[in-house]
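Worksheet: the structure to be examined is printed underneath.
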Amino acid sequence: MVRLDHLINVLGGYGIRVAGHGRGRDTELHSVVMHDPTAADPAVGDALLAVGIPDAARAVELAVGGQARVVLVRTDEQPSAEVLATATACELCLLLVDPRVSWSQVAGVVYGLVLEGRETESGRGPSDLFALADTIAAAVGGPVTIEDQLSRVMAYSSVQNDADPARLDTILGRRVPEPVRALFERRGVFTHLAGSDEPRYVEAAPEHGMRGRTVVAVRAGRELLGSLWVTCDGPLDPARSRALADGAHTVALHLLRSRVSADLERQVESELVIQLLEGTPDATAVIGKLGLPPRPLRVIALQAHTRGERHAAILLAFERATTGFGWSRPGRTTLFGNTVYTLLPCDEDPAAARDWLRALVDGLPAHVTPAAGIGAPAEPGEIPASRQEADESLALHTTRPGTPPVCYDEAWDEILLQRLRTAASAGRVPSRGPIMELARHDDAHGTRFLATLRGWLEAQGDLNIAAARLGVHANTVRYRMRKMAEIANLELEDPGKRLAMLITLAIGDHEGGT
């Protein structure tokens with residue numbers, strides 16, 4: 001099963017567009033059929049591939065007759081108003097396939113999404129992994145669990161006959177309890193799974209509330225994808241062992257299909273997000289393909305590091321950010337270089353962006369250190385600017401470990417100064433002038449003229465405020481200002497000169513003091 005919204009989002013990356021529909025995008029699709037010109041009756045199914053029918057009117061007629069909810073027509077012609085009206089009246093979604101896209105490509109995507117698109121708890125997974133667990137349990141005569149490489153439960157059979165406490169704890173906790181996992185480690189179970197495809201019987205452990213188990217590796221080629229377990233009081237006979245091994249092979253195929261579907265979705269989504277980040281004249285259309293609402297978006301830039309190794313956890317952060325189908329996630333994400341970028345619907349209040357980041361970071365291991373920046377809200381054509389703001393906010397956050405993510409709206413002044421510091425480091429500020437003259441005097445004579453000048457400028461010439469900030473008497477400030485005028489031509493009566501000196505002091509590495 002897949003929702004119409006998700007199908008439209010993915011197919012949009014293949015140049016397939018919506019011509020019109022009269023159903024909500026949350027409509028569920030459970031089956032796919034292909035037009036057969038030799039059949040007397042219309043093919044019945046939720047999604048109809050009108051292969052060999054370039055006429056939209058005829059395709060709509062066949063879809064209505066087959067009670068379809070969506071029909072795909074390969075044509076470059078725009079359907080007539082009458083055809084669109086018929087589709088709307090019959091609550092039928094009409095999708096137009098670009099003639100340059102082959103039916104084999106379209107069929108592969110549609111069949112994969114509809115037949116293997118049901119979400120698991122993690123947001124991705126084969127459509128009938130739980131049903132497969134039930135089938136295997138019936139064949140081997142005992143309750144079954146399907147686990148990943150980290151002993152986390154992916155699916156389990158509904159049959160709970162004689163379920164022991166260890167199995168119940170595993171299902172409720174969604175992973176094997178740590179004491180039981182440690183027992184398996186001591187008994188060499190995981191070593192066996194890493195190197196053998198043969199089922200292995202694991203003796204009961206009453207002290208852990210565990211009956212006997214038989215386990216077999218779920219493997220694709222040399223890669224261990226997980227394991228398949230059945231509760232039993234003794235080693236399985238040859239027939240049931242063979243059924244368990246065959247079941248493991250079938251589970252591996254399902255997991256591989258699930259991975260391909262997930263990777264396909266990520267690829268399509270990533271390419272569309274990159275278009276928006278780099279700037280495209282069709283930004284509004286691309287946003288529509290991504291299924292994002294027509295409202296301002298913020299760009300969030302995220303990096304993830306581990307102790308002693310930068311960007312080591314970036315793939316983990318990307319996986320976390322893209323968990324779940326497009327329609328079930330608020331944002332759309334890409335991995336560009338060493339940074340995860342997410343487009344998130346978010347208005348003037350950045351709270352939604354902060355909440356999204358908090359949820360993502362909470363799902364990362366404790367040893368991962370994230371850094372993030374949030375750009376200002378942007379209309380479609382302003383997304384590249386929001387991306388630059390997010391990058392600069394991210395750069396500022398990397399200098400403040402342990403603090404909340406930086407939001408451009410609130411830190412634009414600091415980011416501006418950071419830009420100016422970057423320009424200064426490239427030699428783009430004057431190397432001579434009053435500031436440099438005072439700096440040389442401070443270095444040579446141990447005076448604090450630069451700190452005093454900055455305090456005076458920030459106080460807008462108020463001697464009392466400047467003195468309070470510097471911790472000296474107002475007469476001291478007055479005296480220093482008079483001595484500074486003898487050393488350098490400050491021209492403090494000129495607003496432009498005052499502003500330039502204040503900026504130079506703000507972006508420089510001049511030491512403060514009194």
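The backbone N or O of A68 sits nowhere less than 3.5 Å from a side-chain atom of D46 that would complete a donor-acceptor pair. Proximity of a side-chain donor or acceptor of R175 to a complementary backbone N or O of S151 within less than 3.5 Å is not detected. E389 contributes a side-chain N or O that, together with a main-chain N or O of A376, makes up a donor-acceptor pair within less than 3.5 Å. Of the possible polar contacts, none joining the H35 side chain to the A63 backbone as a donor-acceptor pair under 3.5 Å is found. A distance-only check finds no donor-acceptor pair linking the side chain of H305 to the backbone of P370 [under 3.5 Å]. No donor-acceptor distance shorter than 3.5 angstrom exists from the side chain of R387 to the backbone of E278, with no hydrogens or angles considered. At least one donor-acceptor pair under 3.5 Å links the side chain of D148 to the backbone N or O of R152. Side-chain N or O atoms of R332 include one that pairs as donor or acceptor with a backbone N or O of L290 at under 3.5 Å.
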Result block: side-chain N/O donor-acceptor pairs under 3.5 angstrom for residues 184-199, not counting sequence neighbours:
from: R187; atom 1: NH1; to: E203; atom 2: O; distance (Å): 2.6
from: H192; atom 1: NE2; to: E198; atom 2: O; distance (Å): 2.8
from: S196; atom 1: OG; to: E198; atom 2: N; distance (Å): 3.1
from: D197; atom 1: OD1; to: R219; atom 2: NE; distance (Å): 2.6
from: D197; atom 1: OD1; to: R219; atom 2: NH2; distance (Å): 3.1

Expected list for residues 138-147: side-chain donor-acceptor pairs under 3.5 angstrom, two or more places apart:
from: T145; atom 1: OG1; to: E147; atom 2: OE2; distance (Å): 3.4
from: E147; atom 1: OE1; to: W229; atom 2: NE1; distance (Å): 3.3

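You'll find the side chain of P401 stays beyond 4.5 Å of the side chain of T369, heavy atoms only. Under the 4.5 Å side-chain criterion, counting only non-hydrogen atoms from C-beta, L183 is in contact with H208. Looking only at side-chain heavy atoms (C-beta outward), L49 and V32 come within less than 4.5 Å of each other. For the pair V202 and M210, the minimum side-chain heavy-atom distance is below 4.5 Å. Residues L62 and V64 fail the side-chain proximity criterion, which asks for heavy atoms closer than 4.5 Å. Contact annotation: the side chain of L168 never approaches that of P165 to less than 4.5 Å [non-hydrogen atoms, C-beta and beyond]. Looking at P99 and T75, their side chains never come closer than 4.5 Å, going by heavy atoms from C-beta outward. In this structure the side chain of L302 never reaches within 4.5 angstrom of the side chain of L394, judged on heavy atoms.
Remark: R213 is not positioned above the aromatic ring of Y201, lacking an NZ or CZ atom under 6.0 angstrom from the ring centre and at most 45 degrees off the axis.
One finds no salt bridge joining D5 and R3 here, because no Lys/Arg side-chain nitrogen approaches an Asp/Glu carboxylate oxygen to under 4.0 Å. Salt bridge annotation for D409-R298: present, with a cationic side-chain nitrogen under 4.0 angstrom from a carboxylate oxygen.
Screening residues 344-359 for side chain to side chain donor-acceptor pair (under 3.5 Å), with sequence neighbours left out, gives R295-D347, R354-E410, D355-R358. The side chain to side chain donor-acceptor pair (under 3.5 Å) pairs that include a residue from residues 233-244 are R211-D233, where partners are two or more places apart or lie in different chains.
For F318, there are no ring-ring contact (aromatic ring centres under 6.0 Å, His included) partners at least two apart in sequence or on another chain. Residues satisfying the side chain to side chain donor-acceptor pair (under 3.5 Å) test with S386, not counting sequence neighbours, are none.
Between the side chains of T342 and T333, a donor-acceptor pair is found at a separation under 3.5 Å. Side-chain polar atoms of D391 and Y408 form no donor-acceptor pair below 3.5 angstrom. A donor-acceptor contact under 3.5 angstrom links the side chains of T339 and Q303, judged on distance only.
In this structure, CG on L297 lies 5.0 Å from CD1 on I287, to the nearest 0.5 angstrom. In this structure, CG in L95 is found 15.0 Å from CZ in R74, a value given to the nearest 0.5 Å. If you take CD1 on I300 and CG on L344, they are separated by 4.5 Å, rounding to the nearest 0.5 Å. Here T334 contributes atom OG1 and Q267 contributes atom CD; the two are 10.5 Å apart, rounded to the nearest 0.5 Å. With rounding to the nearest 0.5 Å, the separation of CD1 in I136 from OG in S157 is 9.5 Å. Interatomic distance, CG of L96 versus CG of L72, reported as 9.0 Å (0.5 Å rounding).
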Intermediate values then yes/no, side-chain contact (heavy atoms from CB on, under 4.5 Å), D98 and D76 = CA-CA 6 Å; D98 190 312; D76 55 3; over 6 Å; no

Quiz prompt | Verdict with supporting geometry, S158 and D134, side chain to side chain donor-acceptor pair (under 3.5 Å) | solution = CA-CA 6 Å; S158 58; D134 282 336; 3.0 Å; yes

- side-chain contact (heavy atoms from CB on, under 4.5 Å) assessment of C93 paired with L4: CA-CA 9 Å; C93 178; L4 178 59; 4.0 Å; yes

Q.
Working note: D169 + V176, criterion side-chain contact (heavy atoms from CB on, under 4.5 Å); need CA distance, chi angles, decisive distance, verdict.
A. CA-CA 7 Å; D169 289 344; V176 176; over 6 Å; no

Evaluate L277 against V299 for side-chain contact (heavy atoms from CB on, under 4.5 Å), listing each step before the verdict.
CA-CA 8 Å; L277 295 177; V299 177; 4.0 Å; yes

Assess the residue pair R329 and E269 against the criterion (salt bridge (Lys or Arg N to Asp or Glu O under 4.0 Å)); give the C-alpha distance rounded to whole Å, side-chain angles, the decisive distance to 0.1 Å, and a yes or no.
CA-CA 12 Å; R329 290 185 281 115; E269 180 177 318; 2.7 Å; yes

